[in-house]
Novice: 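If you scroll down you'll find the structure; I have some questions about it.
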Amino acid sequence: MIIASKKRRENIAEYILYMWQIEDLIRANGLDINKIKTNVIDSFQLDEAQKKEMEQWYESLIDMMRREGVAEKGHLQINKNILNQLVRLHQALLNDPEFPEYSAEFYRTLPYIVELRSKAGDAKVGEIETCFTALYGMLMMRLQKKEMSEETLNALKQISRFITMLSRDFHLDEEDKLFKHPDNESAPGGAAANPLSHAEANRKSEAPTAELPKE
């Protein structure tokens, strides 16, 4: 029962993509816990206590998906909360002159983001969510063994590099190792001016943990 919590601790980008995949897995089983037990949980070699824990995890997610109106599409609030934290960190990094490499990586990625958003029609989302949507699409195409054009692969490689950097900075900020905190908080660029406070570490937004069935 470790995968989700491990990804949450070590790679926030993989965690988001994993949780999106869990949402789709639940939808594929019609939000039916009995189908999930048969098609997912029973495929693991677990003792009865572990199976019960996994079943309760899926039941809690099913309940949230129904209550939040995302049974057919969309994302759970617990997953939106994490994405919103990344958006706020992204904005803080762009506004801080101490992070020129991050800004440069973002502006190398921006043309691809603009192109993707131009194809989204009325379903436009923010820049960071656009990146995650593209990476999730790549994940799904790989699982389905679909080929991608060289142009698409190049775009996804750049988006992946950028999101990897953002993910790394997210974890550094959670450890309070990203932004400088001078003793004099009133000084320009001091802690009082820091646009984020420890990544706002909204731990309550983390979902319970379970494993995704292997392909």
Side-chain angles (χ1 to χ4, degrees), residues 1-28 40 54 57-58 60-65 67-94 102 105-106 109-110 112-113 116-117 120 123-144 152 155-175 178 196 198-215:
M1 311 292 289
I2 302 299
I3 291 179
S5 61
K6 186 174 187 293
K7 289 182 182 294
R8 175 61 181 81
R9 290 192 308 270
E10 298 177 358
N11 191 317
I12 198 64
E14 289 187 3
Y15 173 80
I16 290 174
L17 296 174
Y18 176 86
M19 291 304 298
W20 283 10
Q21 194 172 5
I22 289 290
E23 291 171 342
D24 280 345
L25 179 65
I26 291 172
R27 293 185 184 111
V40 180
M54 183 179 280
W57 187 74
Y58 276 106
S60 69
L61 292 178
I62 290 169
D63 181 58
M64 284 188 281
M65 289 175 72
R67 285 189 287 106
E68 295 176 19
V70 293
E72 295 183 5
K73 61 180 181 179
H75 300 297
L76 287 164
Q77 191 61 49
I78 54 172
N79 298 329
K80 290 180 181 178
N81 289 345
I82 296 291
L83 193 61
N84 288 339
Q85 283 182 256
L86 284 170
V87 170
R88 288 191 290 272
L89 177 59
H90 164 67
Q91 293 167 345
L93 290 167
L94 288 181
Y102 179 86
E105 198 67 53
F106 170 66
T109 311
L110 187 57
Y112 300 112
I113 296 173
L116 288 168
R117 294 183 74 186
K124 288 184 177 66
V125 294
E127 294 164 345
I128 302 303
E129 187 169 352
T130 296
C131 290
F132 275 97
T133 300
L135 294 175
Y136 189 69
M138 176 183 68
L139 174 63
M140 292 299 100
M141 290 184 73
R142 284 179 174 173
L143 289 174
Q144 297 164 13
T152 297
L156 289 168
K157 285 178 183 177
Q158 178 56 45
I159 290 171
S160 181
R161 281 194 293 268
F162 166 61
I163 291 298
T164 296
M165 182 176 285
L166 178 58
S167 180
R168 178 204 65 192
D169 288 348
F170 178 90
H171 292 292
L172 285 173
D173 192 49
E174 285 200 317
E175 298 170 5
L178 185 62
L196 280 185
H198 203 40
E200 301 177 87
N202 186 6
R203 299 286 186 173
K204 293 182 181 179
S205 64
E206 182 181 351
T209 60
E211 295 190 9
L212 188 69
K214 295 179 174 61
E215 292 298 322

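These figures come from a predicted structure and were not determined experimentally.
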Novice: About how many Å separate CD1 of I82 and CZ of F132, when rounded to the nearest 0.5 Å?
Specialist: 10.0 Å
Novice: Let me confirm one number: the CD-CZ distance from E175 to F170, rounded to the nearest 0.5 Å.
Specialist: 11.0 Å
Novice: Could you tell me which residues satisfy side-chain hydrogen bond (donor to acceptor under 3.5 Å, both in side chains) with D63, sequence neighbours excluded, listed by chain and number?
Specialist: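 side-chain hydrogen bond (donor to acceptor under 3.5 Å, both in side chains) check on D63 returns R67.
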Novice: By salt bridge (charged side-chain N to carboxylate O under 4.0 Å, His left out), which residues pair with E23, not counting sequence neighbours?
Specialist: none
Novice: Answer whether the closest heavy-atom distance between the side chains of L93 and L178 falls below 4.5 Å.
Specialist: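 Yes; the side chains approach each other to less than 4.5 Å.
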Novice: Applying side chain to side chain donor-acceptor pair (under 3.5 Å), which residue pairs with at least one partner in residues 162-172 are found, sequence neighbours left out?
Specialist: N11-S167
Novice: The test is side chain to side chain contact (heavy atoms under 4.5 Å, CB included); show your working for I163 and T109 and say whether it passes.
Specialist: CA-CA 10 Å; I163 291 298; T109 311; over 6 Å; no
Novice: Could you tell me which residues satisfy salt bridge (charged side-chain N to carboxylate O under 4.0 Å, His left out) with R161, sequence neighbours excluded, listed by chain and number?
Specialist: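 With neighbours one apart ignored, the set is empty.
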Novice: How many angstroms lie between CG in N79 and CG in L17, if you round to the nearest 0.5 Å?
Specialist: 10.5 Å
Novice: List in chain and number order the residues that pass side-chain hydrogen bond (donor to acceptor under 3.5 Å, both in side chains) with Y112, two or more places apart in sequence or in another chain; answer none if no residue qualifies.
Specialist: none
Novice: Could you walk me through whether V40 and Y58 pass side chain to side chain contact (heavy atoms under 4.5 Å, CB included), step by step?
Specialist: CA-CA 10 Å; V40 180; Y58 276 106; 3.7 Å; yes
Novice: Taking only residues two or more places apart in sequence or in another chain, which ones pass side-chain hydrogen bond (donor to acceptor under 3.5 Å, both in side chains) with T133?
Specialist: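 Residues passing side-chain hydrogen bond (donor to acceptor under 3.5 Å, both in side chains) with T133: none at all.
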Novice: Listed by chain and number, what are the salt bridge (charged side-chain N to carboxylate O under 4.0 Å, His left out) partners of E10, not counting sequence neighbours?
Specialist: K6
Novice: Do Y136 and Q21 have side chains that approach each other closer than 4.5 Å (heavy atoms only, starting at C-beta)?
Specialist: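 The answer is yes; the side chains approach within 4.5 Å.
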Novice: How long is the span from the CG atom in L135 to the CD1 atom in I16, to the nearest 0.5 Å?
Specialist: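 The CG atom of L135 sits 10.5 Å away from the CD1 atom of I16.
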Novice: For Q77, does its backbone N or O pair with a side-chain atom of E68 as donor and acceptor, under 3.5 Å?
Specialist: yes
Novice: Mind checking side-chain hydrogen bond (donor to acceptor under 3.5 Å, both in side chains) for Q144 and listing every partner two or more places apart, or none if nothing turns up?
Specialist: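 Partners of Q144 under the side-chain hydrogen bond (donor to acceptor under 3.5 Å, both in side chains) test: K146.
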Novice: Could you tell me the separation between the CE atom of M140 and the CE atom of M138, rounded to the nearest 0.5 Å?
Specialist: 10.0 Å
Novice: Return yes if a side-chain donor-acceptor contact under 3.5 Å exists between N81 and Q85, otherwise no.
Specialist: no
Novice: Within the structure provided, determine whether T130 and I159 are in side-chain contact (heavy-atom separation under 4.5 Å).
Specialist: no
Novice: A side-chain contact here means heavy atoms from C-beta on lying under 4.5 Å apart; do L76 and M19 qualify?
Specialist: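 L76 does not reach M19 side chain to side chain.
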Novice: Can you tell me how far OH of Y18 sits from CG of L25, rounded to the nearest 0.5 angstrom?
Specialist: 9.0 Å
Novice: Does E127 have any salt bridge (charged side-chain N to carboxylate O under 4.0 Å, His left out) partners at least two apart in sequence or in another chain, and if so, which?
Specialist: none
Novice: According to ring-ring contact (aromatic ring centres under 6.0 Å, His included), who are the partners of Y102, at least two apart in sequence or on a separate chain?
Specialist: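 For Y102 the ring-ring contact (aromatic ring centres under 6.0 Å, His included) partners, ignoring immediate neighbours, are H90, F162.
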